[in-house]
Undergrad: 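A single structure is presented below for examination.
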Amino acid sequence: MEAKQLQSEEQLYPQHREPQSQSHSPAYQALLRAGPRVRPLQQVHAQIIVLGKYRNLAIITKLLTLACAAGSISYTRCLFLTVPNPDSFLFNSLIKGSSKFAFSNDAIFFYRRMLLANISPSNYTFTSVIKACADLSASRLGRGIHSHVLVCGYGSDSFVQAAFVTFYAKTGDLEVARKLFDKMPERTVVAWNSMISGYEQNGFSKEAIGLFDQMLEWGIKPDSTTFVSVLSACAQLGAIGLGCWVHDYVISNGFDVNVVLGTSFINMFSRCGNVTKAREIFDLMSEWNVIAWTAMISGYGMHGYGKEAMELFGKMRIHGPRPNNVTFVAVLSACAHAGLIQEGRCAFGSMRKEFGLVPGVEHHVCMVDMFGRAGLLNDAHAFIKELNPRELTPAIWTAMLGACKMHKNFDLGVEVAEHLLAVEPENPGHYVLLSNIYAVTGKMDRVELVRNLMIRRGLKKQVGYSTIEVDQKTYLFSMGDKSHPETNEVYRYLDKLMSRCREAGYVPAPESVMHELEEEEREYALRYHSEKLAIAFGLLKTSSGVAIRIVKNLRMCEDCHSAIKYISIVSNREIIIRDKLRFHHFNDGSCSCLDYW
DNA sequence: CTAGGGTTAG
């Protein structure tokens with residue numbers, strides 16, 4: 001050991017005679033060879049000390065950056081404390097590294113130390129520290145830094161501006177972000193990407209796509225990052241036409257489909273209803289990480305293709321990376337939606353035993369949901385009783401309540417719902433479920449009671465809406481909404497359609513079951529739920545043979561589910577609906593969910 | 001010698 005450390009530089013670093021390495025010192029070369037790995041870095045660090053190079057700031061800076069990239073912020077902090085007089089390069093590298101590798105708090109800590117050391121921050125410093133604020137959603141701090149930036153004269157730096165666009169978008173201040181974006185004298189692709197992703201991440205998919213269109217009009221060439229955000233917006237909206245357009249564009253312009261972009265395609269195609277196409281993309285990729293595998297498994301799961309999901313999971317266990325907690329959410333929810341109880345139990349058990357993962361709330365919810373859907377209410381209840389009291393979150397009880405409603409165990413349902421109302425009085429969903437249960441059991445006075453309670457507490461039921469894409473344009477419908485220019489035509493067509501359904505055997509749910517919580521909804525109930533409007537519009541606007549694809553923000557009601565089966569018969573169309581939880585493929589009078597949704 | 005902003009799965 002001692003002998004090794006005392007070897008000459010030449011023996012230690014034989015490569016230093018190679019021509020391209022002449023500009024770097026042997027110690028620097030050794031750092032490059034160690035790479036972002038803690039142990040090798042520590043060995044080189046020891047050698048640096050032995051060789052007396054520890055005062056060389058360039059070398060220490062590189063060491064710090066690599067320690068940070070290795071993911072060891074504690075080692076990075078220790079190293080920093082050993083530097084007597086850090087310069088601006090060192091601080092900038094440190095701040096950049098820690099913000100880049102998600103040590104946002106440390107980035108801000110180092111930024112403060114930099115100011116305390118009286119070293120002026122530069123545009124480089126600011127971009128990193130603003131990113132750290134964005135990642136932490138540190139609204140106040142970020143705005144303070146914004147003033148500081150203006151004082152320091154970096155307000156017109158395009159990199160700093162782009163960073164602020166991201167910051168304001170991430171802290172939910174989209175208007176401020178947009179104002180900044182509009183005022184930018186030169187908008188790089190990155191600035192456009194920041195704004196588009198800002199919209200998309202805040203759920204403003206239409207705005208994201210609108211800005212993307214504008215970008216193309218301006219002749220700005222999108223890059224793969226742009227596509228990732230746009231595909232995410234397509235996935236949210238179910239805009240498969242635009243998604244396919246992006247796919248064609250990417251292929252014909254020779255873009256490399258890397259693992260991130262490939263995963264975005266998988267997600268977009270599965271969430272737009274074409275899981276076969278998603279699998280094609282998956283198979284064509286050249287690199288698969290845990291996210292790609294999880295996206296594909298989850299794609300199968302949300303379509304109710306449990307067998308395919310489990311097959312893929314089996315392959316992942318053999319050929320793929322280690323599954324993580326998110327992978328297991330996908331696996332367990334695939335089991336839940338396909339009624340694969342044994343497989344689900346087995347996978348849940350393997351989490352801890354085989355993979356050392358600790359099941360969290362979301363996994364428990366999947367298990368309760370899985371037992372519940374299958375009608376195994378006792379197993380669900382037993383599972384809940386096994387849990388630690390502090391793990392009994394509202395989400396667990398909500399899953400149990402769903403099971404009670406689905407399998408008409410109203411006594412237990414009322415009990416669970418009342419408990420939920422007590423612990424989460426601000427969640428309108430609980431009131432809706434409880435009121436539904438009362439309505440089905442014919443306790444209309446109780447329905448009224450729940451409704452009044454909800455009004456008194458100032459809660460509003462979430463407004464349901466459905467979207468459909470026709471010719472790469474997305475149309476939105478909500479119940480009773482008449483803002484669409486062709487409203488009358490749509491309603492008239494829907495009436496005709498529903499009477500044909502009745503002729504074919506459709507029996508509308510009784511009035512009491514359809515009892516709505518809010519007054520103005522009542523007259524529209526039954527006939528005009530948003531998904532029916534969107535389907536009517538789709539049938540009017542597309543030719544036969546084209547599948548109708550709808551995205552709904554809430555879960556479908558039982559009556560719509562039954563009505564749409566008949567619509568699929570009388571219109572002879574495939575109807576694919578994504579609701580809040582999963583996909584329903586209606587074909588020839590039956591649904592892929594086998595009525596367990 | 002050392003350093004640039006944006007993006008992905010439930």
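The figures that follow rest on heavy atoms only: side chains count, while hydrogens, waters and symmetry mates do not. Protein chains get the first letters and strands the later ones, always in sequence-line order, with residue 1 at the start of each.
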Undergrad: Would you indicate, yes or no, if B:dT7 has its OP1 or OP2 atom less than 4.0 angstrom from a side-chain nitrogen or oxygen of A:Lys100?
TA: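 So the side-chain polar atoms of A:Lys100 never come under 4.0 Å of the phosphate oxygens OP1 or OP2 of B:dT7.
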Undergrad: Indicate, with a heavy-atom threshold strictly under 4.0 Å, whether A:Asp87 touches base, sugar-phosphate, or nothing.
TA: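 Counting heavy atoms under 4.0 Å across all strands, no contact is made by A:Asp87.
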Undergrad: Using a heavy-atom distance cut-off of less than 4.0 Å, which residues of residues 214-222 of chain A contact DNA chain B?
TA: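 When residues 214-222 of chain A is checked for heavy atoms under 4.0 Å from DNA chain B, there are no hits whatsoever.
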Undergrad: Starting from C1' on B:dC1, measure out to CD1 on A:Ile59 and report it in whole angstrom.
TA: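 Whole-Å distance recorded here is 8 Å.
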Undergrad: Over how many whole Å does the gap from A:Gln29 atom CD to B:dC1 atom P extend?
TA: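 A:Gln29 atom CD is separated from B:dC1 atom P by 15 Å.
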Undergrad: Grab the CZ-C1' distance between A:Phe313 and B:dA9 for me, whole Å please.
TA: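 My rounded result for the distance is 15 Å.
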Undergrad: For the side chain of A:Ala58, starting at C-beta, report the closest nucleotide among B:dG5, B:dT2, B:dT7.
TA: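 The answer is B:dT2.
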Undergrad: To the nearest Å, how far apart are A:Asn258 CG and B:dA9 P?
TA: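 It is 14 Å, rounded to the nearest whole Å.
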Undergrad: If you look only at distance, which donor and acceptor atoms sit under 3.5 Å apart when one is on a side chain in residues 104-116 of chain A and the other is two or more places apart or in another chain?
TA:
| residue | atom | partner | partner atom | Å |
| --- | --- | --- | --- | --- |
| A:Asp106 | OD1 | A:Arg77 | NE | 2.7 |
| A:Asp106 | OD1 | A:Arg77 | NH2 | 3.2 |
| A:Tyr111 | OH | A:His148 | ND1 | 3.1 |

Undergrad: Please enumerate all residues that pass salt bridge (Lys or Arg N to Asp or Glu O under 4.0 Å) together with A:Glu280, with sequence neighbours excluded.
TA: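 With neighbours one apart ignored, the set is A:Lys277.
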Undergrad: Could you check which of B:dC1, B:dT2, B:dA9 has an atom nearest any side-chain atom of A:Ala295?
TA: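 The closest nucleotide is B:dA9.
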Undergrad: Measure from the ring center of A:Phe348 to the ring center of A:His363 and say whether it is less than 6.0 Å.
TA: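 That pair fails the under 6.0 Å test.
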Undergrad: Would you say the side-chain atoms of A:Arg143 and A:Ser147 include a donor-acceptor pair closer than 3.5 Å?
TA: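 A:Ser147 and A:Arg143 do not have a side-chain donor-acceptor pair below 3.5 Å.
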Undergrad: If you check the A:Gln201 side chain, which of B:dA9, B:dT8, B:dG5 turns out closest?
TA: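 My answer, after comparing the listed nucleotides, is B:dT8.
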Undergrad: Looking only at side-chain N and O atoms, does A:Tyr124 come under 4.0 Å of OP1 or OP2 in B:dG5?
TA: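 A:Tyr124 to B:dG5 OP1/OP2: no side-chain N or O under 4.0 Å.
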Undergrad: Which nucleotide, B:dG10, B:dC1, B:dG4, lies nearest any side-chain atom of A:Asn56?
TA: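 Among the listed nucleotides, the one closest to the side chain of A:Asn56 is B:dC1.
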Undergrad: Salt bridge check: are A:Arg178 and A:Glu207 linked by an N-O gap of less than 4.0 Å?
TA: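 Result for this pair is no, no salt bridge flagged.
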Undergrad: Indicate whether any N or O donor in one side chain lies under 3.5 Å from an N or O acceptor in the other, for A:Asn267 and A:Ser264.
TA: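 The criterion, which ignores hydrogens and geometry beyond distance, is not satisfied for A:Ser264 and A:Asn267.
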Undergrad: Any idea which of B:dG5, B:dG10, B:dT8 is nearest the A:Phe159 side chain?
TA: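 Looking only at heavy atoms from C-beta outward on A:Phe159, the closest nucleotide is B:dG5.
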Undergrad: Is the shortest side-chain N/O distance from A:Lys62 to OP1 or OP2 of B:dA3 below 4.0 Å?
TA: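 Answer yes for this pair, as a side-chain N or O of A:Lys62 is under 4.0 Å from OP1 or OP2.
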Undergrad: Of the nucleotides B:dG4, B:dA9, B:dT7, which one has an atom closest to the side chain of A:Ser229?
TA: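 Selected nucleotide: B:dT7.
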Undergrad: Please determine, by modelled atom types, if A:Thr171 and A:Ser137 share a side-chain donor-acceptor pair under 3.5 angstrom.
TA: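 Per modelled atom types, A:Thr171 and A:Ser137 side chains form no pair under 3.5 Å.
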Undergrad: For A:Phe89 and A:Tyr124, I'd like to know if the aromatic rings sit close, meaning centre-to-centre distance below 6.0 Å.
TA: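 Aromatic pair excluded; centres sit 6.0 Å or further apart.
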Undergrad: Roughly, in whole Å, what's the span from CD1 in A:Ile145 to P in B:dG5?
TA: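 Between P of B:dG5 and CD1 of A:Ile145: 16 Å.
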Undergrad: What is the distance, rounded to the nearest whole Å, between atom CZ of A:Phe101 and atom C1' of B:dA3?
TA: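 Nearest whole value for this atom pair: 13 Å.
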Undergrad: Send over the distance from A:Leu261 CG to B:dT7 P, rounded to a whole Å.
TA: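 Those two atoms, CG and P, are 15 Å apart.
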Undergrad: Side chain of A:Thr225: nearest nucleotide among B:dT7, B:dT2, B:dG5?
TA: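 Nearest to the side-chain atoms of A:Thr225, counting from C-beta on, is B:dT7.
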Undergrad: How is A:Ser122 classified with respect to the nucleic acid when contacts are heavy atoms under 4.0 Å: base, sugar-phosphate, or nothing?
TA: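 Nothing, no heavy atom under 4.0 Å.
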Undergrad: Check every strand shown and say whether A:Thr188 touches a base, only sugar-phosphate, or nothing at a heavy-atom separation below 4.0 Å.
TA: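 If one applies the 4.0 Å heavy-atom cut-off, A:Thr188 turns out to touch a base.
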Undergrad: So A:Asn289, base contact, sugar-phosphate only, or nothing? Heavy-atom distance under 4.0 Å.
TA: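 Since no nucleic acid heavy atom lies under 4.0 Å of A:Asn289, the category is nothing.
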Undergrad: Below the 4.0 Å mark, does B:dG10 have OP1 or OP2 next to a side-chain nitrogen or oxygen of A:Arg582?
TA: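 Answer no for this pair, as no side-chain N or O of A:Arg582 is under 4.0 Å from OP1 or OP2.
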Undergrad: Quick one: which of B:dT7, B:dA3, B:dG4 gets closest to the side chain of A:Asn92?
TA: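 Selected nucleotide (nearest to the side chain): B:dA3.
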Undergrad: Of all the nucleotides listed (B:dT7, B:dG10, B:dG5), which has the minimum atom distance to the side chain of A:Val228?
TA: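 Taking heavy atoms from C-beta onward, the closest nucleotide is B:dT7.
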Undergrad: Rounded off to whole Å, could you give me the CD1-to-P distance for the A:Ile95 and B:dT2 pair?
TA: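 Distance, rounded to whole Å: 19 Å.
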Undergrad: Closest to the A:Ser298 side chain: B:dT2, B:dA3, B:dG10?
TA: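 Selected nucleotide: B:dG10.
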Undergrad: Quiz question: by atom type and distance under 3.5 Å, do the side chains of A:Ser229 and A:Glu200 form a donor-acceptor pair?
TA: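 Side chains of A:Ser229 and A:Glu200: no pair found under 3.5 Å.
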